[in-house]
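It should be emphasised that the depicted structure is a prediction, and the values quoted were computed from it without experimental measurement.
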Number of protein chains: 2
Amino acid sequence: MRAKIGQRNDHTFCGVEATLEVIGGKWKGVILYHLVPETLRFGELGKLMPKITQRMLTRQLRELEGDGLVHRKVYPVVPPRVEYSLTERGRTLAPLIMQLKNWGDAYLSKEQPGTGFDTETPGD
Amino acid sequence: MRAKIGQRNDHTFCGVEATLEVIGGKWKGVILYHLVPETLRFGELGKLMPKITQRMLTRQLRELEGDGLVHRKVYPVVPPRVEYSLTERGRTLAPLIMQLKNWGDAYLSKEQPGTGFDTETPGD
DNA sequence: CGGGATCCACGACGATACTG
DNA sequence: CAGTATCGTCGTGGATCCCG
């Protein structure tokens, strides 16, 4: 990941790899997924993903921002307030993200018929 | 990756993460992409991905097989012949893979101009 | 509240050599 | 041809502390 997406110094680099580099981070997909329906603050994202550390949330968010998928809006107020939302480019990923979720959902329901999976919707 | 997909010991595990774990390997997406149109031998896959090592190709293929996405057919002949193809479940990923490629393709073509910063709407 | 800085563990990934 | 074995690197991701 990182390191200039458009590098493609060999002909084998195709869109598949590019997209996976962009959303391939451990939390990238989920972050984008949560940002699809609504703008969220840093802390809100953290609550939606209890297992992620601030460090990772910050890093993944920064990378997504660097790739032009997420917009970071800082409110210069006393209690810091930072809102994250999808950019126009980020929104073009929405269908893909949803497909990711749908397929994974179906996959999970067939893979482990006893694990009790949840089919929760973000904020829709 | 690996480590039992359906493990999800916390409620934040959704389909998005599951799918990304399955196709999230460095070469998984590309391998699947190449297997969409046709069955391929081990060596053929290697030629399509010059940068991958045998070790990685084998490992990624094994993981995909373990996740039930790829079928491995071994011909017990003198010069070993092994063919890889998508399973039924693997085929259900085809649309997703293609979307991955299409989006990444478009993404790469737009990445060049400067920073790729989106035009923010100074509404509020 | 949002995040930077630092240190560290681990597993993915890679290079090379060997084999049935 | 299609792997396996071994070793090494390096980046990703995690824990913790500190800061404006």
Side-chain angles (χ1 to χ4, degrees), chain A residues 1-5 7 9-10 12-13 17 20-31 34-35 39-67 70-85, chain B residues 1-5 7 9-10 12-13 17 20-31 34-35 39-67 70-85:
Chain A
M1 267 59 97
R2 242 52 323 275
K4 259 307 98 258
I5 302 297
Q7 199 62 58
N9 29 20
D10 76 289
T12 62
F13 196 92
E17 288 173 88
L20 283 177
E21 286 198 26
V22 167
I23 66 177
K26 185 171 184 180
W27 306 93
K28 302 264 191 76
V30 196
I31 291 175
H34 286 307
L35 287 180
T39 293
L40 289 170
R41 295 182 56 181
F42 184 84
E44 292 175 325
L45 274 170
K47 282 170 191 163
L48 289 171
M49 295 175 283
K51 316 293 285 240
I52 197 175
T53 60
Q54 291 79 348
R55 167 183 161 78
M56 283 314 297
L57 184 51
T58 301
R59 284 182 54 165
Q60 303 279 298
L61 241 17
R62 287 282 194 280
E63 293 189 5
L64 289 172
E65 189 189 2
D67 286 331
V70 164
H71 175 63
R72 181 169 177 259
K73 185 167 187 179
V74 183
Y75 294 85
V77 292
V78 185
R81 179 188 184 89
V82 181
E83 286 182 354
Y84 291 93
S85 57
Chain B
M1 267 55 96
R2 237 58 308 287
K4 265 295 125 234
I5 303 298
Q7 199 60 61
N9 28 22
D10 75 290
T12 63
F13 197 93
E17 288 172 270
L20 284 177
E21 285 198 27
V22 168
I23 65 176
K26 186 172 183 179
W27 307 93
K28 302 263 191 77
V30 194
I31 291 175
H34 286 306
L35 288 180
T39 293
L40 290 170
R41 296 181 58 179
F42 183 83
E44 291 174 327
L45 274 170
K47 283 171 191 164
L48 289 172
M49 295 174 287
K51 315 293 285 242
I52 198 176
T53 59
Q54 291 82 345
R55 169 183 161 79
M56 283 315 297
L57 183 52
T58 301
R59 285 184 54 163
Q60 303 279 298
L61 241 17
R62 287 282 194 280
E63 294 189 4
L64 289 172
E65 187 188 2
D67 287 330
V70 164
H71 174 64
R72 180 167 178 263
K73 185 167 186 178
V74 183
Y75 293 84
V77 292
V78 185
R81 178 188 184 89
V82 181
E83 287 182 351
Y84 291 93
S85 57

Just wondering, do [Y] and [X] contact through their side chains at under 4.5 Å, heavy atoms?
| X | Y | value |
| --- | --- | --- |
| B:R72 | B:V70 | no |
| B:L64 | B:L35 | no |
| A:L57 | A:I31 | yes |
| A:Y84 | A:H34 | no |

Between [X] and [N], does any side-chain N or O lie under 4.0 Å from OP1 or OP2?
| X | N | result |
| --- | --- | --- |
| A:Y84 | C:dG3 | yes |
| A:K26 | D:dG14 | yes |
| B:R72 | D:dG3 | yes |

Separation of [N] [atom2] from [X] [atom1] (nearest whole Å):
| X | N | atom1 | atom2 | value |
| --- | --- | --- | --- | --- |
| A:I31 | C:dG2 | CD1 | C1' | 14 Å |
| A:E21 | D:dT12 | CD | C1' | 14 Å |
| B:L45 | D:dC1 | CG | P | 14 Å |
| A:E65 | C:dG2 | CD | P | 15 Å |
| A:E17 | C:dC13 | CD | P | 12 Å |
| A:L20 | C:dA12 | CG | C1' | 15 Å |

- salt bridge (charged side-chain N to carboxylate O under 4.0 Å, His left out) partners of A:E83, counting only residues at least two apart: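 Listed in chain order: A:R81.
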- When you get a sec, tell me which of D:dA2, C:dG3, D:dG20 is the closest nucleotide to the side chain of A:P80?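 Of the candidates, D:dG20 comes closest.
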- Message: Which heavy atom of B:E21 sits nearest to which heavy atom of B:K28, and what is that distance?
- Response: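 So the two residues come closest at O-NZ, 3.8 Å.
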- Message: For DNA chain C, which residues of residues 52-61 of chain B approach it to below 4.0 angstrom with any heavy atom?
- Response: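 When residues 52-61 of chain B is checked for heavy atoms under 4.0 Å from DNA chain C, the hits, listed by number, are B:T53, B:R55, B:M56, B:R59, B:Q60.
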